[in-house]
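Before any comments, here is the structure.
Only heavy atoms go into these numbers, but all of them, side chains included; no hydrogens, no water, no symmetry mates.
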Amino acid sequence: MSPRVTFPNKLLPYLLLAPQLAITIVFFYWPASQALRQSLLREDPFGLQSTFVGLANFRRVLNDPNYINAVQVTVIFSIATAFLAMALALLLAVMADKIIRGRGIYRTLLIWPYAVAPAIAGMLWLFMFNPAMGTFAYMLRSAGFGWDPLLNGPQAMTLVIAAAAWKQISYNFLFFVAGLQAIPKTLIEAAAIDGAGENKRFWTIVFPLLAPTTFFLLVINTTYAFFDTFGIIHAVTGGGPGKATETLVYKVYNDGFVNLILGDSAAQSVILMIIVIALTAIQFRYVEKKVHYG
């Protein structure tokens, strides 16, 4: 058992924790408390007068067909983005792990997209697939495929999912590569000597040992799909066409900052926070049971 860490100065631990606690309070707890307060009020667009309405904002939001549509869009978008980003990252990590010569160059090139801001990533994909001047849009039309994400809802959803997944692949790739490097090569060599094929070695040895990394990335990618993809959706589709790509976080922005429905927007942000906390708790409660830490 490792000895307990002690500090000669009793004030030092609190001083070390103070910056992080201050950041958490200022940028999380304070905005969350303000959103909770505003969700119980009805305010005019200028913020000059407010009336306490209790849970009326929550009832109106939950009975709004547009909000139900945003929930459905968010579920589809989040599952597709997380699955695509993690699956491609795992594939690239496995392939990069096999490369002997030039391994560093491949890894550097695959990490670069993570440095691109979400809004810039969205604009890149919009330029490539813009129906009027996009290179890939021209190729799709030349092949006889009617491509127009500005008018076609499913195509717009496909485009934002691809852009969001592409942005997150690099982050997942880093952790999968680190996880692959931590797996003892002797286990894989022993399985190969016993006659196990490459696919069998991956699914019976490599992937189970990557379970902790996969679980961590599942939580991170879920949070990413819910919150950090706002810039991509705003740049590519603006929630359209016909609210086909309006996720929960984008609806919070649209109702609060565009339409100035402050009470409803605050209620939506509180509901979104509860959903994400509940999803994370469920993942840790049930999914983590299937994760084995070697």
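Applying the side chain to side chain donor-acceptor pair (under 3.5 Å) test to every pair with at least one member in residues 26-36, sequence neighbours left out, gives no pairs at all. Screening residues 15-42 for salt bridge (charged side-chain N to carboxylate O under 4.0 Å, His left out) gives no qualifying pairs among residues at least two apart or on separate chains. Note on residues 134-154: no pairs pass salt bridge (charged side-chain N to carboxylate O under 4.0 Å, His left out), not counting sequence neighbours. Annotation: ring pair (Phe, Tyr, Trp, His ring centres under 6.0 Å) contacts involving residues 132-161, sequence neighbours excluded, comprise Phe129-Phe136, Phe129-Trp147. Counting only residues at least two apart or on different chains, the side chain to side chain donor-acceptor pair (under 3.5 Å) pairs with a member in residues 263-277 are Arg60-Asp264, Asp255-Gln268. For residues 171-191, the set of pairs meeting the salt bridge (charged side-chain N to carboxylate O under 4.0 Å, His left out) definition, not counting sequence neighbours, comprises Asp97-Lys185. The side chain to side chain donor-acceptor pair (under 3.5 Å) contacts involving residues 200-209 comprise nothing, where partners must be two or more places apart or lie in separate chains. Listed by first and then second residue, the salt bridge (charged side-chain N to carboxylate O under 4.0 Å, His left out) pairs that reach into residues 218-243 are Lys243-Glu246, sequence neighbours excluded.
Under the 4.5 Å side-chain heavy-atom criterion for Ile, Leu, Val, Met, Phe, Trp and Tyr, Leu151 and Phe127 are members of distinct hydrophobic clusters. Linking Ile, Leu, Val, Met, Phe, Trp and Tyr whenever their side-chain heavy atoms come within less than 4.5 Å puts Leu84 and Phe227 in one cluster. Cluster membership check: Leu36 does not share its hydrophobic cluster with Val252, using side-chain heavy-atom separations under 4.5 Å among Ile, Leu, Val, Met, Phe, Trp and Tyr. By the criterion of side-chain heavy atoms lying less than 4.5 angstrom apart, applied directly or through intervening Ile, Leu, Val, Met, Phe, Trp or Tyr residues, Ile274 is grouped together with Val61 in one hydrophobic cluster. Linking ILVMFWY side-chain heavy atoms closer than 4.5 Å, directly or via other members, places Val276 and Ile76 in two distinct hydrophobic clusters.
You'll find the ring centres of Tyr250 and Tyr253 inside the 6.0 Å limit.
The two residues Pro131 and Ala137 make their nearest non-hydrogen contact at CA-CB, 4.0 Å. The heavy-atom pair separating Ile25 from Pro31 by the smallest distance is O-CD, 4.2 Å. Heavy atoms only, all atoms of each residue included: Pro241 and Ala156 are closest at CD-CB, 3.5 Å. Here the shortest heavy-atom pairing between Ile271 and Leu62 reads CD1-CD2, 3.9 Å. The nearest pair of heavy atoms linking Val53 to Leu41 is CG2-C, 3.9 Å. Closest approach of Ala244 and Gly153 over heavy atoms only: CB-CA, 3.6 Å.
Note that CD1 of Ile232 and NZ of Lys167 are 7.0 Å apart. Values are rounded to the nearest 0.5 Å. Separation of atoms CD1 (Ile169) and CH2 (Trp166) is listed at 9.0 Å; rounding is to 0.5 Å. For the atom pair Thr74 OG1 and Leu272 CG, the distance stands at 7.5 Å (nearest 0.5 Å). Here Leu150 contributes atom CG and Leu126 contributes atom CG; the two are 7.0 Å apart, rounded to the nearest 0.5 Å. For the atom pair CG (Leu218) and CG (Leu279), the distance works out to 9.5 Å, reported to the nearest 0.5 Å. Between the CG atom in Asn130 and the CH2 atom in Trp125 there is a gap of 14.5 Å [rounded to 0.5 Å].
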Given the rule in the side-chain contact (heavy atoms from CB on, under 4.5 Å) test, do Thr214 and Phe176 qualify, once you have shown the distances and angles that lead to the verdict? CA-CA 8 Å; Thr214 305; Phe176 277 131; 3.7 Å; yes
Would you check, one step at a time, whether the test side-chain contact (heavy atoms from CB on, under 4.5 Å) holds for Asp64 with Lys251? CA-CA 12 Å; Asp64 183 6; Lys251 185 166 176 56; 4.0 Å; yes
Hey, mind stepping through Leu92 and Asn172 against side-chain contact (heavy atoms from CB on, under 4.5 Å) and telling me if it holds? CA-CA 10 Å; Leu92 291 172; Asn172 298 336; over 6 Å; no
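Between Thr222 and Thr280, the closest side-chain pair of non-hydrogen atoms is not below 4.5 Å. Looking only at side-chain heavy atoms (C-beta outward), Val270 and Phe58 come within less than 4.5 Å of each other. A heavy-atom distance below 4.5 Å is found between the side chains of Phe226 and Ile275. By the 4.5 Å heavy-atom criterion applied to side chains, Met86 and Leu90 are not counted as neighbours. Residues Met128 and Thr135 have side chains not in contact (no heavy-atom distance under 4.5 Å, counting atoms from C-beta outward). Side-chain contact check for Thr229 versus Phe77: some heavy-atom pair is nearer than 4.5 Å. For the pair Met273 and Ile277, the minimum side-chain heavy-atom distance is below 4.5 Å. The shortest distance between side-chain heavy atoms of Leu55 and Leu40 falls below 4.5 Å.
Scored by the side-chain hydrogen bond (donor to acceptor under 3.5 Å, both in side chains) test, Thr245 finds Thr237 as partners (sequence neighbours excluded). With sequence neighbours excluded, no residue forms a side-chain hydrogen bond (donor to acceptor under 3.5 Å, both in side chains) with Tyr67.
When hydrophobic side chains of Ile, Leu, Val, Met, Phe, Trp and Tyr are connected at separations under 4.5 Å, Ile261 ends up as a singleton with no cluster partners. Other residues sharing a hydrophobic cluster with Leu21 under the 4.5 Å side-chain heavy-atom criterion for ILVMFWY residues are Leu17.
A donor-acceptor contact shorter than 3.5 Å is absent between the side chain of Asn57 and the backbone of Ala267. Checked by atom type and distance alone, the side chain of Tyr224 pairs as donor or acceptor with a backbone atom of Ala164 at under 3.5 Å. Between the side chain of Asn69 and the backbone N or O of Pro65, no donor-acceptor pair lies under 3.5 Å.
Heavy atoms from other residues, nucleotides or ligands lying under 6.0 Å from CZ of Phe27 number 12 at most. In Phe83, the CZ atom is not crowded: 12 or fewer heavy atoms of neighbouring residues, nucleotides or ligands sit closer than 6.0 Å.
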